[in-house]
Amino acid sequence: MRKLGRLATVVALVGMGVAARAGEVEVLHWWTSGGEAKSVGELKKIMQGKGHTWKDFAVAGGGGDNAMTVLKSRVVSGSPPAAAQVKGPAIQEWAAEGVLANLDSVASAEKWDSLLPKVVADVLKHKGHYVAAPVNVHRVNWMWANAAVLRRAGVASMPKTWEEFFVAADKVKKAGLIAVAHGGQPWQDFTIFESVVLGVGGAKFYSDAMVKLDPKALNSDTMKKSLETFRRVKGYTDAAAPGRDWNLATAMVMQEKAAFQFMGDWAKGEFLAAGKVPGKDFLCAAAPGTSTSYTFNVDSFAMFKLKDANAQKAQADLAAAIMGAEFQEVFNLNKGSIPVRLNMSMAKFDDCAKLSSKDFVDTAKSGSLLPSVAHGLAVRPELEGAIKDVVSQFWNEDKITVAAAQSRLVAAAVAK
Ligand code: GAL
């Protein structure tokens, strides 16, 4: 009886505690596909478990272009959400506007500095203060394939070079299937482009041409070869690609309509959500020529300044939950990415994730861990938009020559 009485007191106190600090968190994100929605649902569950109210602010559109437009109008009108999916250099731009909250007390209580790779922590800090919380590490330079389609087409293994890729793609075409499932949107075009540049030119060239936007690298023969190779890939996509969403392209691979897709490992989240088994139904490999490099895309939530004390508390709890081991595991198992928090067990993860985790560590040591331009980790948003436009125009209009595309790239890089 006495024990029960004590338990009741504890329960009452815990209940009071929760009630006193419960608040609402409005979270802006673009995770609306099957695998993405399942993943963000895990964060919602954790926040609700802490007694908070989750207000979902989902803006559809892979890559987040639509979401960023909506975010701007909300902030300008003075009613920002508690948290918004913002990544890379864009975090610095929001922080410079003075609209982001300082997360240092959560970060130091939870020891973020010792739990995050420095290259990641630096992206999340503005003038030395944390303003965003990271959820994962996505690898962008992946190639996905349907195992049954490859068998049917007589492709024995995943191609390792671009030349091998074109041989395999010809076999798929001959078998009457689509070689490359693609969605023609600028961020998807660029996802292929940066993997081609990395595969053709290697890590140093990628860094010079794509991250530093060095005019010499952009004007080089290696860039010429990259653009030629990129254009060749287009010949293996179907006529209905323009405008298609990325997850519909993934579905084409799942449904044995297409062999390959070049996409970050959120595609794996789609395969898994549909019950497909890695290594059996679908295969993962680094994009041709890129196995010793890693283009990374770290999703993170920037936290906006809020006035209400309960909302601030809920926001701090959200930041702590995001970096918590429980969330990092369950979210990333669903999302296709790997935990960004260091020293997590990979025991429950599949072989694609284990490879990603090993390559992340190895490439960080060798200097070939590189930020993805397509996914907003490498250059300022305005500049990124300008070079994406050049690449998508080249992809869409066959009459634009390689030489013209090269000089447009240089012009876009120096103009901004
Ligand atoms: C990326 C984002 C991923 C994934 C993808 C497609 O930019 O980092 O988490 O959601 O867009 O929507």
Side-chain angles (χ1 to χ4, degrees), residues 27-44 56-71 83-91 120 123-124 132-142 144 181-195 243-251 253 261-274 284 294-302 322 327-328 330-340 352-353 356 360 370-379 381 384-385 388 392:
V27 184
L28 171 67
H29 61 88
W30 62 85
W31 289 330
T32 54
S33 76
E36 290 175 331
K38 231 176 134 190
S39 315
V40 75
E42 296 296 339
L43 186 55
K44 177 178 172 178
D56 203 48
F57 187 1
V59 180
D65 293 337
N66 300 345
M68 290 305 97
T69 307
V70 174
L71 176 63
Q85 203 185 335
V86 178
K87 309 183 275 192
I91 295 174
V120 174
V123 174
L124 308 165
V135 299
N136 61 2
V137 181
H138 270 305
R139 186 181 199 173
V140 179
N141 60 319
W142 280 118
W144 307 93
H182 182 60
Q185 295 169 347
W187 71 271
Q188 297 192 62
D189 302 340
F190 212 94
T191 297
I192 299 187
F193 182 63
E194 66 182 30
S195 283
R244 177 188 286 138
D245 287 329
W246 68 272
N247 52 318
L248 300 183
T250 310
V253 177
Q261 184 183 18
F262 296 99
M263 188 47 65
D265 39 24
W266 45 93
K268 194 185 74 185
E270 287 306 291
F271 284 113
L272 297 179
C284 63
Y294 191 116
T295 42
F296 68 90
N297 170 21
V298 172
D299 282 311
S300 50
F301 283 97
I322 284 173
F327 168 75
Q328 289 275 326
V330 71
F331 177 86
N332 287 302
L333 281 169
N334 285 291
K335 189 70 168 66
S337 36
I338 57 171
V340 66
C352 304
S356 174
F360 184 74
L370 303 153
S372 163
V373 180
H375 295 281
L377 270 288
V379 297
E384 183 192 315
K388 272 183 177 165
S392 282

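Everything quoted here is computed from the prediction, not taken from an experiment. Counting convention: from 1, in listed order, for ligands and their atoms alike.
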Under 4.0 Å to a heavy atom of [X] - the qualifying atoms of ligand 1, by number:
X	answer
Asn297	1 (C), 2 (C), 8 (O)
Lys335	3 (C), 4 (C), 9 (O), 10 (O)
His375	1 (C), 7 (O)
Trp246	6 (C), 12 (O)

Could you please spell out the steps behind the side chain to side chain donor-acceptor pair (under 3.5 Å) verdict for Asp265 and Ser337? CA-CA 6 Å; Asp265 39 24; Ser337 36; 5.6 Å; no
Considering both backbone and side-chain atoms of Trp30, is one of its nitrogen or oxygen atoms within less than 3.5 Å of a nitrogen or oxygen in ligand 1?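 Yes; at least one N/O pair falls below 3.5 Å.
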Could you tell me whether Trp187 and ligand 1 have an N or O pair separated by under 3.5 Å?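 So ligand 1 has no N or O lying under 3.5 Å from an N or O of Trp187.
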Check Gly183 against Asp189 and note the closest heavy-atom contact, atom names and distance.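 Smallest interatomic distance, heavy atoms only, reads O-OD1, 4.1 Å.
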Among Trp266, Phe331, Phe57, find the residue that satisfies the ring-ring contact (aromatic ring centres under 6.0 Å, His included) test when tested with Trp31.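 Answer to the ring-ring contact (aromatic ring centres under 6.0 Å, His included) test with Trp31 among Trp266, Phe331, Phe57: Phe331.
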Quick one: which of Phe296, Trp187, Trp246, Trp30 gives a ring-ring contact (aromatic ring centres under 6.0 Å, His included) with His375?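 Answer to the ring-ring contact (aromatic ring centres under 6.0 Å, His included) test with His375 among Phe296, Trp187, Trp246, Trp30: Trp187.
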When you measure from atom 10 (O) of ligand 1 to every protein heavy atom, which one gives the shortest distance, and what is it?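 Looking at atom 10 (O) of ligand 1, the protein heavy atom closest to it is Glu36 OE2, 2.4 Å.
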Which residue owns the protein heavy atom closest to atom 7 (O) of ligand 1, what's the atom, and how far is it?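 Ranked first by proximity to atom 7 (O) of ligand 1 is Lys87 NZ, 2.7 Å.
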Let's go through Leu124 and Ser300 carefully: what are the C-alpha distance in whole Å and the side-chain angles of both, what is the deciding distance for side chain to side chain contact (heavy atoms under 4.5 Å, CB included) to 0.1 Å, and is it a yes or a no? CA-CA 8 Å; Leu124 308 165; Ser300 50; 3.7 Å; yes
Hey, which of His138, Lys87, Glu194 is the one that makes side-chain hydrogen bond (donor to acceptor under 3.5 Å, both in side chains) with Ser372?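 Of all the options given, the one that passes is Glu194.
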Options Val40, Val140, Leu377, Asp299, ranked by nearest heavy atom to atom 8 (O) of ligand 1, top entry: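 Shortest heavy-atom distance from atom 8 (O) of ligand 1: Asp299.
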Nearest 0.5 angstrom please: Tyr294 OH to Ser356 OG, how far?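 Going from the OH atom of Tyr294 to the OG atom of Ser356 covers 3.0 Å.
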With a cutoff of 4.0 Å, is Gly63 in contact with ligand 1, counting heavy atoms of the residue only?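 Gly63 counts as a contact of ligand 1 under the 4.0 Å cut-off.
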